[in-house]
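As the structure is a prediction and not an experimental result, all values here were calculated from the model.
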Amino acid sequence: MTPQPASPLLERLRRAGLRPTAARLGILQVFAAAPQEALCAEEVFRRALRQGAPGSLGTVYRTVYQLEARGLLLGETAADGMARYRLTPEGPAACPPLRLRCPSSGRLLELADAPLKERLVAVARREGVDLRGMALVIAPVDEAPGLAR
């Protein structure tokens, strides 16, 4: 396995309060090698195997859930209903995206509107919900399902 420079990944794990295990590092290396891709756990498992990382699909699922819970991965549900993940960006440009989910297809449309996202985060904060650093998905809901369109 040819690891990427491990120090930034090690540091991210430590800042998240996680011990840097082989599984966590291997999975983060898969995501770091494809920062713009949203990967399902099965694809992460295949790529980790190709890199020579030991482990099982169950280990990948557990580790991906841990990394998402600690904010190292962003999870999303694709139009096919499958959960996909991407590495949470870091640094000054690390504002996770604002997305609009199509109610009929489930397709996600990324909105490049930082002021809108800032306003949504501010409203949530006033209501006692801390959304800083989280990806936001707006899912329109038909409030009158009995009405014809």
Side-chain angles (χ1 to χ4, degrees), residues 1-103 105-141:
M1 176 155 126
T2 312
Q4 291 200 355
S7 59
L9 299 178
L10 284 169
E11 190 56 38
R12 287 185 82 168
L13 283 169
R14 289 183 180 127
R15 279 195 316 265
L18 293 170
R19 197 168 49 89
T21 64
R24 289 175 184 144
L25 283 170
I27 289 170
L28 280 177
Q29 287 172 350
V30 168
F31 283 103
Q36 300 303 315
E37 287 185 74
L39 304 172
C40 66
E42 291 84 358
E43 181 61 25
V44 173
F45 177 64
R46 284 190 290 276
R47 291 182 186 196
L49 282 178
R50 282 196 299 266
Q51 291 180 353
S56 68
L57 184 56
T59 298
V60 170
Y61 273 106
R62 281 189 305 278
T63 304
V64 164
Y65 293 143
Q66 289 173 346
L67 296 173
E68 181 188 23
R70 295 297 180 104
L72 295 171
L73 296 179
L74 294 173
E76 58 190 52
T77 304
D80 61 5
M82 186 168 258
R84 299 191 190 285
Y85 305 88
R86 66 180 74 229
L87 193 61
T88 302
E90 278 196 311
C95 181
L98 173 63
R99 295 186 178 109
L100 180 64
R101 182 183 306 276
C102 174
S105 70
R107 187 173 142 249
L108 289 172
L109 171 67
E110 200 155 306
L111 303 175
D113 192 335
L116 174 59
K117 182 172 181 191
E118 289 170 16
R119 288 193 308 271
L120 291 170
V121 169
V123 168
R125 191 174 305 126
R126 279 196 306 270
E127 297 297 320
V129 179
D130 186 4
L131 298 176
R132 288 174 295 182
M134 294 185 174
L136 299 179
V137 178
I138 299 172
V141 177

Subject >> Derivation and outcome, side-chain contact (heavy atoms from CB on, under 4.5 Å), residues T63 and T21 >> reply: CA-CA 10 Å; T63 304; T21 64; 5.9 Å; no
Original post:
Shortest non-hydrogen contact from C40 to R84?
Top reply: CB-NH1, 3.6 Å
Subject >> Sub-4.5 Å side-chain heavy-atom contact between I27 and Q66 >> reply: no
Original post:
What's the shortest heavy-atom distance between L57 and F45, and which atoms?
Top reply: N-CE1, 3.5 Å
Subject >> Charged N-O contact under 4.0 Å between R46 and E42 >> reply: no
Original post:
In Å, rounded to the nearest 0.5 Å, how long is the span from CG of L67 to CZ of F31?
Top reply: 8.0 Å
Subject >> Criterion side-chain contact (heavy atoms from CB on, under 4.5 Å) on R47 and V44, from CA distance to verdict >> reply: CA-CA 5 Å; R47 291 182 186 196; V44 173; 6.0 Å; no
**OP:** Could you tell me whether R86 and E76 have a side-chain N and a carboxylate O separated by less than 4.0 Å?
**Re:** yes
**OP:** Compare every heavy atom of L87 with every heavy atom of A32, then report the nearest pair and how far apart it is.
**Re:** CA-CD2, 3.9 Å
Original post:
Would you say R19 and R24 make side-chain contact, with heavy atoms under 4.5 Å?
Top reply: yes
Subject >> Minimum-distance pair of heavy atoms, taken over all atoms of P35 and A33 >> reply: CD-C, 3.6 Å
Original post:
Are the side chain of R14 and the backbone N or O of P20 linked by a donor-acceptor pair below 3.5 Å?
Top reply: no
Original post:
Can you tell if the side chain of R12 reaches within under 4.5 Å of the side chain of T88, non-hydrogen atoms only?
Top reply: yes
